[in-house]
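To start, the structure under review is shown below, and the notes come after it.
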Amino acid sequence: MRFSKMLLPTYKEDPAEAEAISHKLMIRAGLVRQLAAGLYIYLPLGLRVLKKVNAIIREEMNAIGGQEIIMPVLHPAEIWQQSGRWYDIGDEMFRLQDRTKRDMVLGMTHEEVVAWLASREIRSYRDLPQIWYQIQTKLRDEARPKGGVLRTREFLMKDSYSLDLDPEGLNLSYNLHYDAYCKIFHRCGVKYYAVESDPGMMGGAGAHEFMALSPAGEDEVSLCGNCGYAANVELANSQPPLVSSPAWNFEEVATPESRTIEEVCAYLKIDPRLTIKSLLLMAKDGPIMALVRGDQKLHEKKFRRLVGEFRPAHQEEVKEHAGVEAGFLGPVGLAPGRNLPLIADVSLKQGIFVAGANREGYHIRGVVPGEHFAAKFADIHVAMSGDACPSCNSPLKVEKAIEIGNIFKLGTKYSLPLKALYLDRQGQEKPIVMGSYGIGPARIIAAAIEQSFDQDGIIFPLSLTPFDVHLLPVNLKQENVQQEAEKFYQKLSEADISALFDDRAEAPGVKFKDADLIGIPLRLTISAKTLKEHMVEIKIRQTGEVHLVKLDQALSWVQNWINFHTKK
RNA sequence: CGGGGCGUAGCGCAGCCUGGUAGCGCACCUGCCUUGGGCGCAGGGGGUCGGAGGUUCAAAUCCUCUCGCCCCGACCA
């Protein structure tokens, strides 16, 4: 492709609206342009990268027996009403009516359509198992699109669905996907972790997320460098490091005007880890007190799994149920008749603490959980870096990550309501057991860039690069430079090596800067300087290495380099 | 949806506080020049200041409403 003819607008400066590295670079290098919040145009260069990703996905999906189909973006509301998600999902679903006032949905995912199709076309156990997939547009009315292509309202997704006879079959399909996903992300040159995840609204028996580490990520994963434990912090268990407590006696201490943990610690000159944070929460069965150590945070999702929906109590409710103002709340010495259920974090199992005294202006020192109050113990804190790994006790690291893929065991959540049934060997009607599996190609691109760039621009992995070679003649007005560049461009094309040929009349500096910004793995510079010696210069973007290669050997040099670095 | 920020030329920004009829850099066009790291010189085109309403002799500037975009949080099959 000739640069002079290509829609490839590059920017010298960072766009004002971009924060994430990948977002800045994708705009500057001319991969994408934003139409509106969460809506992106892929320019020719960006589309080339996207197609590379999709080709890898297709190869690996086909390799596990996946069959590609395309389902509509526009769905009749009925199937979503049958699955119940018409009612469960709120504003995130785009809804509209057709001209006859029939309710319609813009698909945010395709479980319903797959179950509908299976209900018609799968009849016998002989028809199973099946894996169907598509690479297709999804629409979600996101509350807050962000991070460039990382979270958008319209995006491409590879979604696949497995249909099996029984849970054992599902396990096999699930594992096939797990392995295929590992291959896909590896081939795309992305560093990732497969972590256990919360099945959430998808329901079902198990789930993993594939997480690419990046500061631009919206998720956090808890990682153990020792045993390989990896989990989304939404589920991650951990043991916060213990602190040895002073041999306090059980006594009330005055803490005037000290309400927050910070204030109390400053006043008493103690470590926050020696305090108990008491939170009054309103659950559906009434008020509950949650206790976490002063340095810890309550994990709302973990807590919700224990007690169902809840919300923090209002000021007046604290007063009503605990008989004291927020700030002096504690598990010990609640007034008679005010027996609140207590749920305490596991980090409070051992130790002697300071807690609110349920009396204005006072705290109690020397509180021993289990002795001075009875509570149900559970892991309800947010895992933090430095906590001990739940399986090997080594220190954990918590890092930000981009969710590039996920896999779910659905079970019969969709097949039952949509009547996706089959007849087994005994002629019995059984529900198909389903799994659902997603990959965000745009997120792979963003993650690859987040993990591979420098101050000059993108450093594309060979597997995703829009072109293999950046052919850069320094001065086309010099006849030999022009001739050799054209000749070499021709040779590359005959050898089926894709090249971006910078045939512009720009100054050398401009061309070099653009080459670095776009980040194609190999740059071939053709100039009078090296042509005198019948040489061309080959620069490797990744390492910065520069090789001078004989003109007539340059093509095979490039071919060898590409073959050697291609991931299988 | 709560909190914060920003909308002025294609891009990045100044001007706004203290109203007086819009400016800088890059990009773009023409000519000359230059060709190993975002060349040089000369000439030129382009905005009515997100939108609406108001105050005023006069509004990019002050006031009200509104729309859009970004960030933090909530939310996130």
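Labels below follow one simple rule: chain letters A, B, ... track the order of the sequence lines, proteins then strands, and each chain is numbered from 1.
Look at A/Asp514 and A/Arg504 and you find a salt bridge, because one of the NZ, NE, NH1 or NH2 atoms lies within 4.0 Å of a carboxylate O, short of that distance. For the pair A/Asp159 and A/Lys138, the salt-bridge criterion is met [side-chain N within less than 4.0 Å of a carboxylate O]. A salt bridge does not link A/Asp103 to A/Arg95: none of the charged side-chain nitrogens sits closer than 4.0 Å to a carboxylate oxygen. Under the 4.0 Å criterion applied to side-chain N and carboxylate O atoms, A/Asp219 and A/Lys400 are not assigned as salt-bridge partners. The pair A/Arg2-A/Glu486 meets the salt-bridge criterion, with a side-chain N (NZ, NE, NH1 or NH2) lying under 4.0 Å from an Asp/Glu carboxylate O. A salt bridge between A/Glu234 and A/Arg305 is absent, with no side-chain N of the basic residue lying under 4.0 Å from a carboxylate O of the acidic one. Comment: A/Glu218 engages A/Lys146 in a salt bridge, judged by a side-chain N to carboxylate O separation of less than 4.0 angstrom.
Among the atoms of the strands shown, base atoms are found under 4.0 Å from some heavy atom of A/Asp514. Using a 4.0 Å heavy-atom criterion, one finds that A/Asn406 contacts the bases of the nucleic acid, with or without backbone contacts as well.
Applying the 4.0 Å criterion to OP1 and OP2 of B/C72, one finds that A/Arg144 has a side-chain N or O inside that range.
Distance check on atom C1': B/G44 versus B/A27 gives 14 Å, rounded to whole Å. A distance of about 7 Å separates the C1' atoms of B/G68 and B/G50, rounded to the whole Å. Nucleotides B/C63 and B/G20 have their P atoms positioned 15 Å apart, rounded to a whole Å.
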Under 3.5 Å between N/O atoms: give me all the protein pairs with nucleotides 67-69 of chain B, atom names plus distance.
{"residue": "B/C69", "atom": "OP1", "partner": "A/Ala37", "partner atom": "N", "Å": "2.8"}

Please list each protein N or O that sits under 3.5 Å from an N or O in nucleotides 5-10 of chain B, with the distance.
none

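Remark: A/Glu92 pairs with no residue by the salt bridge (Lys or Arg N to Asp or Glu O under 4.0 Å) rule, at least two apart or across chains.
A 3.5 Å limit on both hydrogen-bonding distances identifies B/G12 as the Watson-Crick or G-U partner of B/C24. Nucleotide B/A42 forms a Watson-Crick or G-U wobble pair with B/U30, both donor-acceptor distances falling under 3.5 Å.
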For this session: Let me have a per-nucleotide readout for nucleotides 25-37 of chain B, 5' to 3', with B, S or -, counting only protein heavy atoms under 4.0 Å.
Result: BS-------BBBB

Exercise. With the sugar-phosphate defined as primed atoms, P, OP1 and OP2, and the base as all remaining atoms, what B/S/- string results for nucleotides 40-52 of chain B, 5' to 3', for protein heavy atoms under 4.0 Å?
Worked result: -------------

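Under 3.5 Å, the side chains of A/Lys24 and A/Ser22 contain no donor-acceptor pair of N or O atoms.
Between A/Gln455 atom CD and B/G38 atom C1' the separation is 15 Å, expressed in whole Å.
With RNA chain B read from its 5' end, the first of the two nearest nucleotides for A/Arg140 and A/Pro15 is the one closest to A/Pro15.
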Can you give each donor-acceptor pair under 3.5 Å made by side-chain atoms of residues 543-553 of chain A, sequence neighbours left out, with the distance rounded to 0.1 Å?
{"residue": "A/Thr543", "atom": "OG1", "partner": "A/Glu545", "partner atom": "N", "Å": "3.1"}
{"residue": "A/Thr543", "atom": "OG1", "partner": "A/Glu545", "partner atom": "OE2", "Å": "2.9"}
{"residue": "A/Glu545", "atom": "OE1", "partner": "A/His547", "partner atom": "NE2", "Å": "3.2"}

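With a 6.0 Å cutoff to the six-membered ring centre and a 45° limit on the axis angle, A/Arg523 does not count as a cation-pi contact of A/Phe501.
Of the listed residues (A/His110, A/Gln67, A/Glu68), just one forms a side-chain hydrogen bond (donor to acceptor under 3.5 Å, both in side chains) with A/Gln134, and that residue is A/His110.
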